[in-house]
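Start at 1 with the first residue, then count along the sequence. Numbering of ligands and ligand atoms starts at 1, following listing order.
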Amino acid sequence: MREAMADITEAPEWTALAEHQAALAGRNLRELFAGDPGRVERMTVTAGDLCLDYSKHRATEETLRLLVALAERAGLRDRIAAMFSGEHINVSEDRAVLHTALRLPPGEALTVDGQDVAADVHAVLDEMSRFAERVRSGEWTGFSGKPITTVVNIGIGGSDLGPAMAYEALHDYADAGISCRFVSNIDPADILGKLAGLDAEQTLFVISSKTFGTLETLTNAKVARQWLIDALGDAKAVSRHFVAVSTNAERVAEFGIDTDNMFGFWDWVGGRYSFDGAIGLSLMIAIGGEGFREMLAGFRAIDEHFRTAPFEANMPVLMGLLGVWYTDFFGAQTRAVLPYSQRLARFPAYLQQLTMESNGKSVRADGAPVVAQTGEIFWGEPGTNGQHAFYQLLHQGTRLVPADFIGFAEPFEDRAGMHDLLTANLLAQTSALAFGKTADEIAAEGTPAAVVPHKVMPGNRPTSTILVPKLTPKTLGELVALYEHIVFVEGTIWGIDSFDQWGVELGKVMAQDLAPALTSEEPPTDAPDASTAALVRRYRELRGRRV
Ligand SMILES: O=P(O)(O)OC[C@H]1O[C@H](O)[C@H](O)[C@@H](O)[C@@H]1O
């Protein structure tokens, strides 16, 4: 039996925040800005290359003081130390949580549970770099002796979203003429679409799976293997075209991949926290070992900031606490993440797993029910596309949707001033969301009275603006580490284990149980419930099978 945790909502700091919210609720951002000339300067914080302006939040100095006090009450300082030192803070799986060790600088020691974690991490990174270099230089060839031009990563969840997001973000840095594709879905459309047009002789498959037991990944990998053998006419070709990333050497060998061509990691790296380790192999092949290490330096810069900056000037702490502020004191349900960069199109999807699989929990680490709302629903699209789709609701809808806007000063390319226009849009949106436009202002423009209410822009809609010099491997690492630690801060306040994901298991088991009923030519046997039984019969009918 675990020791029962204190109820954070009973703490005086929680009560103080609730009272403060009631007092602040009637004040809008126009007032908060008007009465406070030093506000922007005070509510701007830097971490590594990232600069966060959080002045457009429904918060005052007092709010932040109270939120920081709540973090202290929740023991955030000790929790951070516990994570970095390898305590088993993933209590339901009795594991350390050490994704931060994946970016330890060379030479820094860390021994956890008798394992020299730092040495292991660097040994794998070195292996990855050597292999990536062989592929990039053309020394590693396919079965017929031709160099590799396409890497296909097969994986799902944390074994897909991280490298897929990062490759799309950083493909300009792919300097060896090697491109990547990512296959995840069990829908055959995914793999068939990604294999289309590929030259088997020059394709390398990276089968990425922490457990090497995931249905989607193993099924797609088998399809890929057959495709390769059919194309090259020899099963011996597999060893030149398949490598694996996993924690499970036994299963890799069972699948038929030489474990010499396997890159490992450890159970103290959660899947959704893993692309800065071996799961990033495809990315490393594309951008090179040096670029990958620059990305790790970015992660590390934010780790250091998170570990050492006072909470009042700590970017992940402030952003995490503001997440708690809106979730638990304003009843906000969702948080939009709006990168003003086409290259970050997959960033919201990546964050969905990182944040929602981590903090979508109804029980606390001690097994008792949570006492507050947890788990923000993350969503978003790159600007400016979202503006022409869902921003209407952000500006004038009835719901409060705090949003993170992410912009970059320097473009990769520019035409006709487009990049400045992109940034102007970001700035315009956050200003309009914060300060809106009143009925008087609209009427003064000569708007007919009947239309005025429709055009009122209520404002007072909170946003963070993160401004980054340029999208580089380093700044991408910084952005990802920022959100990893935001998740940690929120999870700590809510008292949950942010590092397990039991909620995904039941559906997987049930799918395995149901598959025979769908594929058999015999009459269907038991289904788990009447609705599912009827749907099975209907499906079989449509598939022309016996019902
Ligand atoms: O890497 P794998 O073991 O194949 O797991 C892939 C994914 O599947 C699971 O269902 C989990 O929900 C994810 O956290 C994980 O990233």
If you look only at distance, which donor and acceptor atoms sit under 3.5 Å apart when one is on a side chain in residues 250-265 and the other is two or more places apart or in another chain?
unit_1	atom_1	unit_2	atom_2	d
R251	NH1	T211	O	2.9
D258	OD1	D260	N	2.9

TODO: Give a yes or no on whether the ring-centroid distance for Y483 and Y350 is below 6.0 angstrom.
DONE: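 Not under 6.0 Å, so no.
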
- [ ] Run the ring-centre check on H241 versus F205 and record whether the distance is less than 6.0 Å.
- [x]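 Here the rings of F205 and H241 have centres that are no less than 6.0 Å from each other.
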
Open item on the list: Holding to side chain to side chain contact (heavy atoms under 4.5 Å, CB included), I want the full list of residues that pass it with A47, two or more places apart in sequence or in another chain.
Closed with: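 Checked A47 against side chain to side chain contact (heavy atoms under 4.5 Å, CB included); matches are I302, H305, M315.
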
- [ ] Mark yes or no: R79 above the aromatic ring of F488, with NZ or CZ under 6.0 Å from the six-membered ring centre and no more than 45 degrees from the axis.
- [x]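 No cation-pi geometry.
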
Please tabulate, for side-chain N and O atoms in residues 283-296, each donor-acceptor pair with protein atoms closer than 3.5 Å (sequence neighbours left out).
unit_1	atom_1	unit_2	atom_2	d
R293	NH2	D126	OD1	3.1
R293	NH2	S129	OG	3.0

TODO: Could you name the protein residues that come within less than 4.0 Å of ligand 1, counting only heavy atoms, and order them by chain and residue number?
DONE: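 Heavy-atom contacts below 4.0 Å: I156, G157, G158, S159, S209, K210, T211, T214, Q353, E357, Q501, V504, K508.
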
